[in-house]
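On a predicted model such as this, the values are computed, not experimentally measured, just so you know.
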Amino acid sequence: MTQRAFVRIGALVFAVALLSLAGVYLARGTPSAGKGVRTPWGAPDLQGIWSQQTDTPLERPARYGQREFLTEDELAARNKELAARPAHSLYRDTRKERGTEADVAGAYNAVFQGDRPNKSGRRTSLVVDPPDGRIPALTPEVKSRQAAVKTYLDDLLQGSSGGRPGAPIADKSATHSPIYNLERMNRVDGPEDRSGAERCFGTVMPAIGALQRIVQSPDSVEIFYDIGQGSGFSRVIPITDRPHLPSTVRQFYGDARGRWEGDALVVDVTNFTSHSEFRGSRENLHLVERFTRTDATTLTYQVTVEDPTTWTRPWTAVVELNREADKPNLVFEQTCHEGNYGLLGMLANTRAAEKLFKQGKGPDPNRMDLATGGGGDN
């Protein structure tokens, strides 16, 4: 065989190899295509750091009716309004009168709560169902429960600077919340008297709009949420057809079961605990989530929220998340529980105040406002 023949055969083999590789590459999807991108094991690729960069209200303002999207003129006007906002309006930089309870309660500046969106999205609301973009009405059951909790908290506040006039309850320790407490009550006998956020479990599912990092393996999808002030959390979503845990087993972020439907990851979440609350819903919360990579830089998150004991009907919200560059946007674990000196300080402060009052020094701890920061906007 001549040298020219060898060259022709080599060129042909090389061409066939290139075509074969191109076919595999196109089957998996290119990075620029986004939709249809596959992991090495063939699943839709949702991996990356994703954030919500637009300022879109959860519920639709009444003036838009059932219109889901802004017009071009409305979008331009909205972006102009956002650009004109002074920087300090995004954060809690103003102080109350120095030395007051409200001033001390405002010690945390909102700059620690993460970036704020500075441009408008096209949607008039994140809620897309019901058609009016509003969360359905609460059931009489949950309204009654919320009223009972408010009455209990107001009673504890009576006689303090942030409560109604009157004599304070003589023995606050003898009272009990109608449900597991997740609010800031006017009592600090122990950690359970403080809010969920102060106890470092304030973030709940669904974490709508949170910055999140997604990684995948053949049998699971893992998400770390970076949200709020030290309120990040991780969840592992198994890709499985196994049934949910027994109803007697409850978890703070629920029991998730994932499956693939075309390009979408569909996640069914049940078995929540009464120690978490999402807009009034607790252990009966049921979520159906859909994660869909719609293009190279967009991940659409859709969640249907259901709890017949809380809302009169299910409702659905949609968030378009934007892809962030990996290297300059590393996401680190948050450690609210580690070094939670604020909670220790609240307990220690009240014990010290009680001791001093018994010695005839300082104010009556029973008349202190430990819930609202002196009745001001904290």
Output yes when a side-chain donor or acceptor of [X] lies under 3.5 Å from a complementary backbone atom of [Y], and no otherwise.
{"X": "Arg60", "Y": "Pro131", "answer": "yes"}
{"X": "Gln53", "Y": "Lys119", "answer": "no"}
{"X": "Arg199", "Y": "Arg194", "answer": "yes"}
{"X": "Asp364", "Y": "Phe357", "answer": "no"}
{"X": "Thr139", "Y": "Thr309", "answer": "yes"}

Is the shortest side-chain heavy-atom distance between [X] and [Y] below 4.5 Å?
{"X": "Glu192", "Y": "Asn181", "answer": "no"}
{"X": "Phe233", "Y": "Met205", "answer": "yes"}
{"X": "Val149", "Y": "Leu153", "answer": "yes"}
{"X": "Thr350", "Y": "Glu354", "answer": "yes"}
{"X": "Leu321", "Y": "Gln52", "answer": "yes"}
{"X": "Arg122", "Y": "Glu320", "answer": "no"}
{"X": "Leu211", "Y": "Trp50", "answer": "no"}
{"X": "Lys172", "Y": "Asn186", "answer": "yes"}

Cationic N near anionic O, under 4.0 Å, [X] to [Y]:
{"X": "Asp155", "Y": "Arg164", "result": "yes"}
{"X": "Glu289", "Y": "Arg235", "result": "yes"}
{"X": "Glu74", "Y": "Arg63", "result": "no"}
{"X": "Arg78", "Y": "Asp55", "result": "yes"}
{"X": "Arg313", "Y": "Asp129", "result": "yes"}
{"X": "Arg38", "Y": "Asp263", "result": "yes"}

Say whether [X] and [Y] are linked into one hydrophobic cluster, either directly or through other cluster members, by side-chain heavy-atom distances under 4.5 angstrom.
{"X": "Val269", "Y": "Phe252", "result": "yes"}
{"X": "Val215", "Y": "Val236", "result": "no"}
{"X": "Val305", "Y": "Ile227", "result": "no"}
{"X": "Ile208", "Y": "Phe272", "result": "yes"}
{"X": "Ile49", "Y": "Ile214", "result": "no"}

(message) Using side-chain hydrogen bond (donor to acceptor under 3.5 Å, both in side chains), reason through Thr39 and Gln216 one step at a time and then give a plain yes or no.
(response) CA-CA 8 Å; Thr39 62; Gln216 293 174 236; 5.1 Å; no
request  = Start with the C-alpha gap between Ser276 and Thr273, add the side-chain angles, then the distance that decides, and say whether side-chain hydrogen bond (donor to acceptor under 3.5 Å, both in side chains) holds.
outcome  = CA-CA 6 Å; Ser276 67; Thr273 170; 5.7 Å; no
*asked:* Checking Glu306 against Thr304 for the side-chain hydrogen bond (donor to acceptor under 3.5 Å, both in side chains) test, could you report, in this order, the C-alpha distance in whole Å, the side-chain angles of both residues, the deciding distance, and whether it holds?
replied: CA-CA 7 Å; Glu306 180 182 17; Thr304 297; over 6 Å; no
